[in-house]
Structures are given as structure tokens and as C-alpha cells.
Amino acid sequence: MKISILTLFPEMFDIFNHSIIKRARENGIIEIEAINIRDFSNNKHKKVDDYPYGGGAGMVMAPQPIIDSIKFMKTKNSGKVIFLGPRGKKFNHSISKELSNEKELIFLCGHYEGIDERIYDYIDEEISIGDFILTGGEMACIPIVDSICRLIPGVLGKEESFQEESFYNGLLEYPQYTRPEVYEGKRVPEVLLSGHHENIKKWRRQQSIILTYKKRPDLLKSVKLSEEDKKTLKNTQKNIDV
């Protein structure tokens, strides 16, 4: 996959020069480039913002540098242009899976009080990561790109690495344990030491349902539950609600 990021702060994306994403880039699975929007400004001082018409606090990103940067990127990257902004649909695992199937993507990071409305003519999709304010689109772009990249075949060592993680099947992930077997008096559940894979699988499924009900019950509305799952959920509700 080829990912191009239009930003005022390309250095913020140095984070992708580390860990799993770094290895994927070195192996040619992912290509990530961050392009400075200022390089496309016609202003001699490389200014990219201006005062809003009609007055108001703050500055607005001007159309010329952004639109020219998008037009330039389209000569190298045919992917859809995604703007990180508050009007967009809220990002989730389903959107991440959908985007991970794309061959090319262009992300646009906003700043200041927003972007000139005319820039939207060049944007294909807008995504938000939540109902809160960030200092810039870069802060939203980083987790989105990371989430997408790790779903691309070959990025993680095994497909199971992400198939059993939280949200992949709609539930939170089951509890994890490692050595030592006993720590500060707390013991690893016996089922995990049994070597009985079917019992372990069943226990993990039950724990995922229990945790999801306790921490994120809203997720259960969109999960298809088996009869066994429903029994686990009913018992959990009875024990917690008593």
C-alpha cells in the first residue's frame, strides 16, 4: 500500500520509522511519505493560512497551498483523499478494515480553525476519531494509519495476531497472562495451563463476552452471539446486576 500524507509537520510522522511499521516499510509492503503543504504555497513567506471572512477568532487554512498539494499528489497517488476533520464519520475497526484493502491513500491533515470550504471539492472522505479537539490532524492521522497498516497481509507475523484482538470480532479481547505462574499471590487461571485447546478457546470466548459487557456493553448490539454466548451473557448480567 502507498500512503501519502499532506501535512504542515512532516517530522511528526517519523514515528513510522520504528517497530512493526518500519519493518513493513523496509520489506516493501507499505510505502509512507509525508509531504509539507508549505512547499506548495505561492506566498514568499510560505504562509498557508489567513484571517476568516466575516471575522472570528483564529486563522483558516487557505485553499491555494492545499489544493495545489492535492493536485500534485494525484499525479503520484491515485488513492482517495481523506481529510481528518470533525464533520467526518467516526473511525472504527470496520472502517480500518475497509481502508486496508485500498492500494493507495492520501491523507490531509488540517490545522488552525479549519480549512477553506472550497477545499472540500477535492476531498473524497472525512474521518474523525472522536468528539474532542486536537491541535492538528496529524494527531488523528497517526493512529488511523497505524490501524490500517497492521491489517495489511504481511505486516504482522501471523494473521492470528490481529484476528483475536479487541474489536476484530466485535468483542473486547480476553485477558492475557504470561510467566510467572504466580505473582503477588495471583495465579494464572488453571484452564490456560491445561493444554486443552478447546477448553482454552471456550474460556477465552466467555471472558471476551464478560469483559465486553462490563466495559463496552454497546458493542454487544452488533455482535452475533451463539446460544452458548447468550448463556454466558445471561449469567454475567445476573451476577453483576444482583
Side-chain angles (χ1 to χ4, degrees), residues 1 3 16 19-21 24 29-30 79-80 82-103 105 107 124-132 134 137 139-178 188-194 196-242:
M1 174 184 279
I3 297 176
F16 293 128
S19 189
I20 292 171
I21 305 301
I29 301 171
I30 301 167
K80 64 173 70 173
I82 299 174
F83 176 54
L84 291 313
R87 300 181 190 176
K89 55 186 176 183
K90 194 175 293 186
F91 187 71
N92 57 29
H93 189 69
S94 176
I95 296 174
S96 181
K97 286 198 290 184
E98 179 184 325
L99 293 177
S100 71
N101 292 318
E102 299 285 340
K103 297 296 182 185
L105 291 170
F107 287 94
D124 299 304
E125 188 174 342
E126 185 169 0
I127 291 177
S128 167
I129 62 169
D131 299 330
F132 51 90
L134 297 170
M139 299 296 189
C141 188
I142 289 170
I144 288 175
V145 170
D146 182 74
S147 175
I148 293 168
C149 287
R150 65 197 318 280
L151 294 177
I152 297 171
V155 172
L156 299 184
K158 295 181 180 180
E159 190 178 9
E160 293 83 2
S161 295
F162 63 78
Q163 284 188 343
E164 295 187 358
E165 290 176 337
S166 293
F167 306 117
Y168 187 84
N169 60 7
L171 299 171
L172 296 182
E173 189 178 10
Y174 48 79
Q176 297 275 19
Y177 295 87
T178 187
V188 174
E190 287 295 331
V191 66
L192 299 179
L193 307 174
S194 68
H196 195 299
H197 297 299
E198 192 58 37
N199 286 347
I200 292 172
K201 183 178 179 181
K202 182 178 179 181
W203 179 85
R204 285 175 168 172
R205 178 71 179 183
Q206 290 173 340
Q207 292 301 310
S208 285
I209 292 171
I210 292 169
L211 273 176
T212 302
Y213 179 74
K214 288 180 178 179
K215 305 292 186 179
R216 290 290 307 277
D218 56 297
L219 295 175
L220 290 167
K221 297 176 183 177
S222 57
V223 176
K224 186 176 181 180
L225 299 176
S226 67
E227 290 303 313
E228 189 66 30
D229 292 338
K230 291 176 183 177
K231 289 180 183 178
T232 299
L233 180 59
K234 186 175 181 181
N235 290 334
T236 303
Q237 291 170 328
K238 184 167 61 177
N239 292 333
I240 292 177
D241 298 341
V242 168

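Reckoned from all heavy atoms, side chains included, excluding hydrogens, waters and symmetry mates. Quantities reported herein were computed from a predicted structural model and do not represent experimental measurements.
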Handout entry: Enclosure of Lys214 NZ (heavy-atom neighbours >12, cutoff 6.0 Å)
Key = no

Exercise for the section: Determine whether Leu84 and Leu134 make a side-chain contact, defined as any pair of heavy atoms from C-beta on separated by less than 4.5 Å. Expected result: no

Problem - Ile152 side, atom CD1; Ile29 side, atom CD1 - distance, nearest 0.5 Å - result: 8.5 Å

Practice task
Could you check Ile95, Leu105, Asn101 and say which one makes a side-chain contact (heavy atoms from CB on, under 4.5 Å) with Ile148?
Solution key: Leu105

Practice task
Tell me yes or no: between the side chains of Thr232 and Asp229, is some donor less than 3.5 Å from an acceptor?
Solution key: no

Practice task
Please report the closest heavy-atom contact between Leu219 and Gly170, naming both atoms and the distance.
Solution key: CB-O, 3.5 Å

Practice task
State, to 0.1 Å, how close Ile3 and Cys149 come at their nearest heavy-atom pair, and which atoms those are.
Solution key: CD1-SG, 3.8 Å

Handout entry: Nearest-0.5 Å distance that lies between atom CG in Leu220 and atom OG1 in Thr212
Key = 5.5 Å

Exercise for the section: Grab the two heavy atoms, one from Lys202 and one from Glu228, that are nearest each other, plus how far apart they are. Expected result: CE-OE2, 3.9 Å

Exercise for the section: Drop me the distance from Ile129's CD1 to Ser147's OG, to the nearest 0.5 angstrom. Expected result: 11.0 Å

Fill in the blank from the handout: For Asp131 and Lys90, the nearest pair of non-hydrogen atoms, with its separation, is OD2-NZ, 3.7 Å

Completion exercise
CD1 (Ile20) and CG (Asp146) are apart, to the nearest 0.5 Å, by 8.0 Å

Problem - Side-chain heavy-atom pair Val223, Asn169 within 4.5 angstrom cut-off - result: no

Exercise for the section: Write down the atom of Asp124, the atom of Lys80, and the distance for their closest heavy-atom approach. Expected result: OD2-CA, 3.2 Å

Handout entry: Distance in Å, Gln207 CD paired with Ile200 CD1, rounded so as to fall on 0.5 Å steps
Key = 13.0 Å

Practice task
First locate atom CD1 of Ile144, then atom CZ of Phe107, and finally report the distance between them rounded to the nearest 0.5 Å.
Solution key: 6.5 Å

Exercise for the section: Indicate yes or no: does Glu227 engage Lys230 in a salt bridge with an N to O separation below 4.0 Å. Expected result: yes

Exercise for the section: Step by step, work out the side-chain contact (heavy atoms from CB on, under 4.5 Å) result for Val145 and Ile21. Expected result: CA-CA 10 Å; Val145 170; Ile21 305 301; over 6 Å; no

Completion exercise
Tightest non-hydrogen contact, residues Glu125 and Lys89, listed as OE2-CE, 3.0 Å

